[in-house]
Protein chains: 2
Amino acid sequence: MDDRKRRILDFIIQDYVATAVPVGSRTITRKYDIGVSPATIRNEMSDLEALGYLDQPHVSAGRVPSVKAYRLYVDDLIARADSLLAPDEEAWRYFAGRLTQLEDAAQCAAKALSELTRMTSVVMMPSQPDMRITTLQLVPMPKGAALLVMVTDSGLVRETVLRVSDSLDADALYAISRSMTETLSGRSVLEVQHMLDAFAARGGAQQRVLDGIRELASQMARQASEDTVFLEGTHNILNFPEYAEVSKARSFLSVMEDRKRLLGIIRGDQELITVRIGQELTLPEIDDCSLITVRFELGAYHGLLGVIGPMRMPYRQTLRTLTTISRSLTDMFASEE
Amino acid sequence: MDDRKRRILDFIIQDYVATAVPVGSRTITRKYDIGVSPATIRNEMSDLEALGYLDQPHVSAGRVPSVKAYRLYVDDLIARADSLLAPDEEAWRYFAGRLTQLEDAAQCAAKALSELTRMTSVVMMPSQPDMRITTLQLVPMPKGAALLVMVTDSGLVRETVLRVSDSLDADALYAISRSMTETLSGRSVLEVQHMLDAFAARGGAQQRVLDGIRELASQMARQASEDTVFLEGTHNILNFPEYAEVSKARSFLSVMEDRKRLLGIIRGDQELITVRIGQELTLPEIDDCSLITVRFELGAYHGLLGVIGPMRMPYRQTLRTLTTISRSLTDMFASEE
DNA sequence: GTTAGCACTCTTCCTTGGTGAGTGCTAACA
DNA sequence: TGTTAGCACTCACCAAGGAAGAGTGCTAAC
């Protein structure tokens, strides 16, 4: 494939991404000064089609990039990764808001991504199978209640409200907290859950507290073993002419509902950047969509940021936004812990 | 309006709610055994139209209930409120999941509502202008961090992660927590926010903690003065043939984005049940929708649960679901505090 | 190797006529 | 007086038939 073919292919991708309309030979000469006539372009396009880089919806329509064309384009984009390193200023500013906890950060990132890209964003927090408890603390609440707060070594926080005896003041709650922390800190959430399951029916004064710990531990254990996913901006899909039919939009949305399925697809991604184009996504209902995922680091583990949109998506800009947010997430966790 | 007219009107509403297709005179005789011929029904329908209870999309279509008809139907439904008192078993079971905090409960209720009704749900938590701080507590976290937890008298909890000196162990953090609580407890969040604004640039060892408190206080103050809204299931609108055009669906969704506008409409509702039908909603973009809100109690204040869907909605079932969830929310808060 | 010209294809949009659901009116009937 | 059958009429809906336009492939000339 010579240079001119390559340039024409790039023009077609660029134009189709922008307009969603099949690109004809005249359109190219009108919009992009390539120095040859439509007829020549036609010959080249004919060659490109033979090579498998272009599809023709029907004989009298323009050409549309094939999966192979997007693949070429994206692989090239990733190879010249330096162009993606320049941070996306808008994304930086957008995501500068203050974040407190892991989940906040993930949800916040998902929201930022979906608003910046105007597509659907997905964030996978990594599973942390060996997460250990560092602190348990009871915080007094009004009317005989207390907030049980559980903190793990990875900075995950969970809390629940308990009913406790009115006779317990702040100091008493703190004393209990200390002894609980002493007993349980350093143990994994799974271990704690099993320990307390054994105690379950023991009864007694502090039963409610134990139940609370057990509940939190099991919540955390669940979260520790399964990766969790956040989705935002699912209904941005309506902005794309590809999804102008409600039935298509609905099928897209119902695919998005099934988070386990999505998770199953992206879970294994180890590369810094993974791009799945069209059928590569292995979601037949939305085989005209693409999914880009970018890794971020969270201690020893890694999570994924992703964007789902039509196959015809602005790959370059989307990748920049993704890498920018991914980098700031990685930095944030690195500094916080 | 005599009894037979009323019965015919009810049939038309019932059928139109179920099918979204204008109801003709023959349809009525076929589906509902009313004992008279289509011609008679036609005469009655003609009368009902003259009375303003029916509309006719065009001359050779069946009839469609008017706003006035829905109004009559709904007012009647509310008047015979006892029929709504029977709790919706499915809703009960669905909503039986354990809840920890106010926001959790609200969000959870919103989710349950949208899934049960298959429409868009809205939950408004009440503003609590005189909310006061009861506890401030620092919980140790790994790597020189601490979780600052703030609890108010109404049971609202907020927390944020702070960086603190490594030299502070659990006991030291507790000592700080005690003195903070002593100083600030009983004060309103607004007061605290202003106090700390004055101190802002003071610097010093505990500056980070003070900043944390200030931030939380201002978050809470914002929440205390503004009511907060949760929306769920916005894209359920796609399930209705009325919104089969993507452009309509999009305009619905963009109305839903503007929470302040929604809030402005429902904020003032004092009744136990408020039903806004069609234009009564004063949202011209979606003037073929209805909004039902039901009050729930939260201490001295009240919040609202609502469902938004097409004007042609199953009012009776929706009201039952709403009142059931509302009652269980009210109960939950009453017992918890 | 490039370009102009031309016949050809096929989608899109508009028009047109047929079909059927539903109505309103009138006249007959109980 | 209320109910019913019959009938002409209206109008949305749908399928079929062009006309227009965009785009192609091929051929022949530059």
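Fair warning: this is a prediction, and the values are worked out from it, not measured in the lab. Just so we're on the same page: letters track the sequence lines, and every chain starts at 1.
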Practice item. Nearest whole angstrom, please: distance from the C1' of C/dA27 to the CG of B/Asn43. Key: 13 Å
Check your understanding: Can you check the B/Ile28 CD1 to C/dG22 P distance for me, whole Å?
Key -> 10 Å
**Study point:** Closest nucleotide among C/dC10, D/dG25, C/dT23 to the A/Val59 side chain
**Key:** C/dC10
Revision key, fill the gap. A/Glu44 CD to D/dG23 C1', in whole Å, measures 17 Å
Check your understanding: Has the side chain of A/Arg42 got a donor or acceptor atom sitting under 3.5 Å from an opposite partner on the base of D/dG25?
Key -> yes
Check your understanding: Are side-chain N/O atoms of B/Thr40 and B/Glu44 paired as donor and acceptor at under 3.5 Å?
Key -> no
Check your understanding: Expressed in angstrom and rounded to an integer, what is the separation of A/Asp2 atom CG from C/dG1 atom P?
Key -> 10 Å
Point to revise | Gap between atoms CG and P, on B/Asp47 and C/dC25 respectively (whole Å) | key: 11 Å
Check your understanding: Has B/Arg250 got more than 12 heavy atoms of other residues, nucleotides or ligands less than 6.0 Å from its CZ?
Key -> yes
Practice item. Look only at the side chain of A/Ser326 and the backbone of A/Arg295, and say whether a donor-acceptor pair between them is shorter than 3.5 Å. Key: yes
Review point. Ion pair present between B/Arg30 and B/Asp15, side-chain N to carboxylate O less than 4.0 angstrom?
Key: no
Practice item. Report yes if some heavy atom in the side chain of A/Tyr70 is under 4.5 Å from a heavy atom in the side chain of A/Val275; otherwise report no. Key: no
Review point. What integer distance in Å separates A/Met45:CE from D/dG23:P?
Key: 9 Å
**Study point:** A/Thr318 side chain vs A/Pro314 backbone, donor-acceptor pair below 3.5 Å
**Key:** yes
Point to revise | Nucleotide nearest A/Glu49 when distance is taken to its side chain, options D/dC11, C/dT3, D/dG25 | key: D/dG25
Exercise for review: Let me know the distance between CZ of B/Arg30 and C1' of C/dG22, rounded to the nearest Å.
Suggested key: 11 Å
Point to revise | Modelled atom types, side-chain donor and acceptor of B/Asp47 and B/Tyr53, under 3.5 Å | key: no
Point to revise | Consecutive-pair stems (at least three Watson-Crick or G-U pairs, under 3.5 Å) that include DNA chain D | key: C:1-30 with D:1-30
Exercise for review: Please determine if a side-chain N or O atom of B/Ser60 lies less than 4.0 Å away from the OP1 or OP2 oxygen of C/dG20.
Suggested key: no
Check your understanding: Would you say C/dG22 has OP1 or OP2 under 4.0 Å from some side-chain N or O of B/Ser25?
Key -> no
Exercise for review: Would you please confirm or rule out a distance under 4.0 Å between OP1 or OP2 of D/dT3 and any side-chain N or O of B/Arg4?
Suggested key: yes
**Study point:** Listed nucleotide nearest any side-chain atom of A/Ser37, set D/dA12, C/dG24, C/dA4
**Key:** C/dA4
Review point. In whole Å, what is the span from the CG atom of A/Leu48 to the C1' atom of D/dG25?
Key: 16 Å
Check your understanding: What is the nucleic acid contact for A/Ala39, judged by heavy atoms within less than 4.0 Å: base, sugar-phosphate only, or nothing?
Key -> base
